[in-house]
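Every chain is numbered from 1 and lettered A, B, ... according to where its sequence line falls, protein lines coming before strand lines.
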Amino acid sequence: ACGTDENQSENSNATELEGSVVIDGSGTVYPLMAKIAEEYMINEQGNVSVEVSRAGTSAGFKKFLVENGTDFNDASRQIKDEEAAEADALGIEVKELKVALDGLTFVINKENDWAKELTPEQLISIFKADGGVTKWSDINPEWPDTEIKPMGPNENHGTYEFFYENVLEKQDLADTVNLQQDYSTLVNLVAEDKNGIAFFGFGYYVNNTDKLQAVHVDFGNGPVEPSLDTIAEDGDYADFTRPVFTYLNVNHATDKPQVLDYAVYLMNNVNNFAGEAGFAPIPEAEVEENIEFLNGLTK
Amino acid sequence: MTLLIDRKEDVQFGVMENKSWRKPVYETHGLNLWYGTTHALKNIDLSINEKEVTAIIGPSGCGKSTYLKTLNRMVEMVPNVHISGSLSFKGENILDKSMPVELLRSKVGMVFQKPNPFPKSIFENVAFGPKIHGIRNKAMLEKIVQESLEKAALWDEVKDRLHTSAYGLSGGQQQRLCIARCLAVDPEVILMDEPTSALDPVSTLKVEELIDSIKNDVTIAIVTHNMQQAARISDRTAFFLNGDVIECDATSKIFNNPSDKLTDDYINGRFG
Amino acid sequence: MTLLIDRKEDVQFGVMENKSWRKPVYETHGLNLWYGTTHALKNIDLSINEKEVTAIIGPSGCGKSTYLKTLNRMVEMVPNVHISGSLSFKGENILDKSMPVELLRSKVGMVFQKPNPFPKSIFENVAFGPKIHGIRNKAMLEKIVQESLEKAALWDEVKDRLHTSAYGLSGGQQQRLCIARCLAVDPEVILMDEPTSALDPVSTLKVEELIDSIKNDVTIAIVTHNMQQAARISDRTAFFLNGDVIECDATSKIFNNPSDKLTDDYINGRFG
Amino acid sequence: MVRRIKFRLALNNLSKYIFLLATLFGLLVLSVLIYRVVADGIGWLNFDFLTGKLSTQPERAGIMGAILGTFWLMLVVTPVTMFIGVGTAIYLELYAKKGKIQSFIETNISNLAGVPSIVYGILGLTVFARAMNLGNIALAGGLTMSLLILPIVIVASQEALRAVPSPLGEASYGMGATKWQTIKNVILPVALPSILTGAILSLSRAIGETAPLVVIGIPALLIPFPGSIFDKFTVLPMQIYYWTLDSSLTAEYANLAAATIIVLLLCLLVLNSTAIVIRNKFQKQY
Amino acid sequence: MHINHDITENSEKSIRELIEQKRQQRNFKEMFEKSIPTFLFLIASISILTTIGIIYTLLSETIEFFKRVPMTDFFTGTVLKPLSQTPEFGVLPLIMGTLTSSVIAMLVAAPIGLMSAIYLSQYASDKVRKVFKPLLELLAGIPTIVYGFFAFTFVTPLLRQLIPGLEATNILSPGIVMGVMIIPMIASLSEDAMSSVPNSMREGALGLGATKLEVTRKVVIPAALSGIIASFVLGISRAIGETMIVTIASGSTKNFTFDITQSMQTMTAYIVEVTGGDAATGSTIYYSLYAVAMTLFVFTLLMNLLARRISRKFREEY
Ligand SMILES: Nc1ncnc2c1ncn2[C@@H]1O[C@H](COP(=O)(O)OP(=O)(O)OP(=O)(O)O)[C@@H](O)[C@H]1O
Ligand SMILES: Nc1ncnc2c1ncn2[C@@H]1O[C@H](COP(=O)(O)OP(=O)(O)OP(=O)(O)O)[C@@H](O)[C@H]1O
Ligand SMILES: [Mg+2]
Ligand SMILES: [Mg+2]
Ligand SMILES: O=P([O-])([O-])[O-]
């Protein structure tokens, strides 16, 4: 696992950096960020310590928006106005860096051979309060006459917020929706329950294809299976796709060379790692734009 | 020496000789006992005769308690005890594991140095034995409790507080209660390990009187460190030293004319 | 009675009368002691004379150990002890808290019922006292250790194993080691609480001889439950009962012609 | 009577086996647990795993960082708890007057022993991590853990001191030794093995404890090895926790968690056996 | 013996004189000696500071919480939706989860622990005890995270085969595993209680011909009863405070239900969820963390005081 320390110092940039880069925030973005951080430490700067935590998007912002706070905050939603205002008040210059695209994926049990294809309306009716659907047969009389077990991540998660705001359009969730803190719990619940249906980021589906199957969503042009291709910027699954970000403390980036160096590395590499972590890449143009901004900070 | 002879006569010691025909209840032959590697009893040969009081004397650690506890196999409670030799109770070898100890112990009661009543009422203490042996009938139990307490000369003192805790009794009363508890299962033998050494003079006297009053019905083996007590209450005396029986004979003989120099030294306080 | 008189003569008891001029080391007046609510010592008046052996006898629980432990204020270790009355050591009231107990105890050694050597080497055991009183010089310590062990008649037995654990010694040797440990701080008084009751006959004899050999240099107060021992080794005897001193007098007087009926009863084993 | 005795004996024997079965139940679960963990994890346990750095890729993940983190944590916990724990025990057993203050402190300690570990986590977060501004470094975690196991160390040390035969202390006082001389020269040396036994057992508790650190906040990805008590750190149980959570993202993480459990259990086994050896060696010497 | 001049000089004096002389030089030592109790008292008061710290920390934020959420809502609310658009802060679902899991744990631990204690203290030979006790202690020494892993990856799947309808996360499995974790604690405390029944009492009964079972039932257990009960109470307290097992294996549904096949959340798991999750300092959810922790603290404190009371009563009996 280790032992690469010597090679890396050879092929690294001219300057040897040290110190730490502290990242917190979204659990959804965590796998991507962790992979990039690890590669950075192996291939670029062996003496820099990049620490990645995952308190969640909002908790992360709280740690980000204090004096001497974190250097980056991962987010599975955009910064809120209040948060931006607070940053201004503290004199923290914040730079939004879009890092990848995530497809909101609905998963069902492997043995479920009826609900493989659903429309957004049907999905909404399953999850919203008073949607008139409690059994599969309420959607299609040919389907089993059993209770649907809807579930999803709880309010802690940006994923929940995205679902609530962009899919349900702020209609109430049904009380029967089983909300969990841990994605692993959701994976297990659906894997074990024939009537289960849950939503979460594509990454959690793609790593569990042996236990789960993804619902193909019919947005009007025939069922679309979520995949790295379809969740891309203008892919067929784009309606359920959301961008994920990391927010950079620009003051830190100008004060601490390792923070800036990491930010540049991050942007140069996000698209190489996105697929591996279960995200779709963002357009190159956006990447270039951000790199230009970062290079501007060097002077 | 005269001193002791004088005292013997006070307690009518003369009867003893007539008892020599009594048949042995316990017969011990070549009994050895080890606690782990400690050789606590060394090749003991000793008999305890029916309806006699046998006193066991000797300095601290000589094996008195160990021998007594072997007689009802309580000694087996200690881990790592090894016993060899033969020990028969009424002709039956009780070291033979096929004999249930519970049966033996219901015939052989035991009284300890420190009174050890159960944390129950006086009544429940005495009724404990009969109850575990299956007597449930209330009237029957009451009868047994009363009789036992009467034999133990305690009835009058406690008859009005039978259902109060036994811990409310004085030390001497507790000890007599423990004897009553033994008597309630109608034992053939009672083993007593220094039963009065924790008691005051008056209580000691009462217990001694009690022993005197029951000795026609039960065989008694009593360990005591008080030589005058042994002289007063026993018919025969065994002198233990270092796990050995140095001498066992009629009490008058032991105290007045011991065969062994060691016995003489001990009796006369030259050691121990 | 003749028995005891005979035995007295064996151990040259005659000297005693000449000692009556000896001045008291300890003087006790109206000493009362409570353990919580237990009144353990009741208005004790008693003196202990210089360079005499004073024996303290009495049945279990009568306060012998308590009295002894008051003499070096060890009794204060027990929580909730209350003391009243006066107790002077060489004219100084030691119940007065201004007297440092460490100083008192370095002058008043104590030997306990069970030998209690430290889990250290024989040498370290004896050197313990001098060391805590600040003597560090190695040669000096060696000298003290040797002298003390010689006085305790133990030197020859242990001189080749001074640096092995004291726990390797027999019980009797351990007890003499404890006495040597006391002697190492050159005490004026040694208090002994049943020092031989856990020992075998031979060891008992050795300890008694040791007491005999040091008694010209040190004042000794010894608690014993063995009346013959008291008779053998002591000059004066105090008889305690229920926290009271019933009688205190020359040993020959106590054993041959006690003034009190209770003393007589106890000496002759009528109780206890 | 004889028949009744037979019945009573049979009943006695029967219940003996029932009690035995109950005792074996716990041990059965223990063996299943160990079997499962070993079956899941043994294949992943190798030198590289033990000495390697943490990684997001299971094949090259190692737990040296967590092992070192555990080490630094213990480097804080051990001296702090020994010093405060033994000091408190000496005070309570040998100095404090039996009275209100002493019984107040003792009640307090026994209540502290029952406070859930997660509450200590909140205390540590509030006091050490935030108020003292230490953040989530090994020192903060160590101090939190110290408070957590302190009651156990105190009680164990008290018992050890109490078990020193009083004749030894009496002998020393009887020689005119002062209290501190007696404690230092006689009582502490005799009590030391038991104190150590108790301390080792409590330390093993600290090694396996997770909840307080979850509250203090340990980074999920922390690759560099911690170099001192002032570095951020992770420990074996935290690594097990994170890997268990993430096993739905990467299935092999469950195996890594199991392999880490084996390492953790082995550490604890070594500690416990040391404690038992010390206890057996010095037991009943006096 | 070789004698150097130092001793020859010293040996003019007796040991006693030497000691007296050394005494004169002891001022510093006496001061040192005198300062020890104060110093140790200061150390001992750290434990009191800890308690004050805990109570202060919990209380100050809890008060803040109750400024935002009325106390009655908190203690009587059956709905806990801290992050919802219309948040509700009823603690009852958490209390329900906590009590349910603790009761399940005790149903496992109390009988098995007590029977193990009886076996070990009354029946087992020395050798057997020497093997079994350390093994049981091992069970007590296993980190709770390991139990959590075990509950999640082994016990739950196993139970799901036996009980149809059992959810993938449920309160039953962690409850049972917590019970296993508590067995050694109950076994060892009850064993202590039973072995501290004076041997003389046991001998008294055996001497009357009682079997071991009778001695145990009629003498030992009645005499040790308060000690045994105290061990149960401590076991409950331990179950209430247990965190990792429930966090991992019982999910985080804030169900107010008696259905043990469902996911429920305990107070401890809630604290983990909030601290490890999205609790922004200063938000109501953040303060709810302290209110729940305070409730948990009070629960366990009451249990401990109760256990202490019971066992003190027990100790007074002998
Ligand atoms: N449970 C035990 N384990 C090991 N050794 C024991 C045990 N009980 C007694 N012994 C040893 O066996 C020997 C005989 O002991 P026992 O108790 O029979 O003596 P005793 O004559 O009754 O003494 P005492 O007068 O003090 O009661 C002693 O050396 C003692 O140390
Ligand atoms: N630490 C203590 N706390 C309370 N009471 C005590 C304590 N020590 C002794 N006593 C009580 O004080 C009384 C005198 O005890 P002491 O030990 O002085 O008797 P003793 O004459 O030495 O007896 P023995 O011959 O048994 O050693 C007894 O009633 C005893 O119960
Ligand atoms: Mg005995
Ligand atoms: Mg005494
Ligand atoms: O963990 P989140 O990315 O859903 O906030």
Closest heavy-atom contact between [X] and [Y]?
{"X": "Glu203(E)", "Y": "Phe112(B)", "value": "OE1-CE2, 3.3 Å"}
{"X": "Ser200(E)", "Y": "Asn116(B)", "value": "O-ND2, 2.5 Å"}
{"X": "Gly204(E)", "Y": "Phe118(B)", "value": "C-CZ, 3.9 Å"}
{"X": "Glu102(B)", "Y": "Thr211(E)", "value": "CG-CG2, 3.6 Å"}
{"X": "Met74(B)", "Y": "Leu206(E)", "value": "SD-CB, 3.8 Å"}

Next on the checklist: With a sphere of 6.0 Å drawn around CZ of Arg217(E), does it hold more than 12 non-hydrogen atoms of other residues, nucleotides or ligands?
Outcome noted: no
Checklist entry - Would you find more than 12 non-hydrogen atoms of other residues, nucleotides or ligands less than 6.0 Å from Lys143(B) atom NZ? => result no
Using heavy-atom distances under 4.5 Å, tell me whether [X] contacts chain E through its side chain, its backbone, both, or neither.
{"X": "Arg181(B)", "result": "both"}
{"X": "Val108(B)", "result": "backbone"}
{"X": "Pro117(B)", "result": "backbone"}

Item to check | Choice from Leu191(B), Asn80(B), Val101(B), Ile132(B) maximising heavy atom contacts with chain E below 4.5 Å | outcome: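 Ranked by contacts with chain E, first place is Ile132(B).
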Checklist entry - About how many Å separate CG of Asn199(E) and CE of Met77(B), when rounded to the nearest 0.5 Å? => result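 Met77(B) atom CE to Asn199(E) atom CG measures 6.0 Å (nearest 0.5 Å).
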Next on the checklist: With rounding to the nearest 0.5 angstrom, report the CG to NE2 distance, Leu208(E) to His133(B).
Outcome noted: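 If I round to the nearest 0.5 Å, the distance is 7.5 Å.
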Checklist entry - Looking at side-chain heavy atoms only, is the closest gap between Pro198(E) and Lys114(B) below 4.5 Å? => result no
Checklist entry - Any donor and acceptor pair, going by atom type alone, linking the side chain of Lys120(B) with main-chain N or O of Lys218(E) inside 3.5 Å? => result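 Yes, because the side chain of Lys120(B) sits within donor-acceptor range (under 3.5 Å) of the backbone of Lys218(E).
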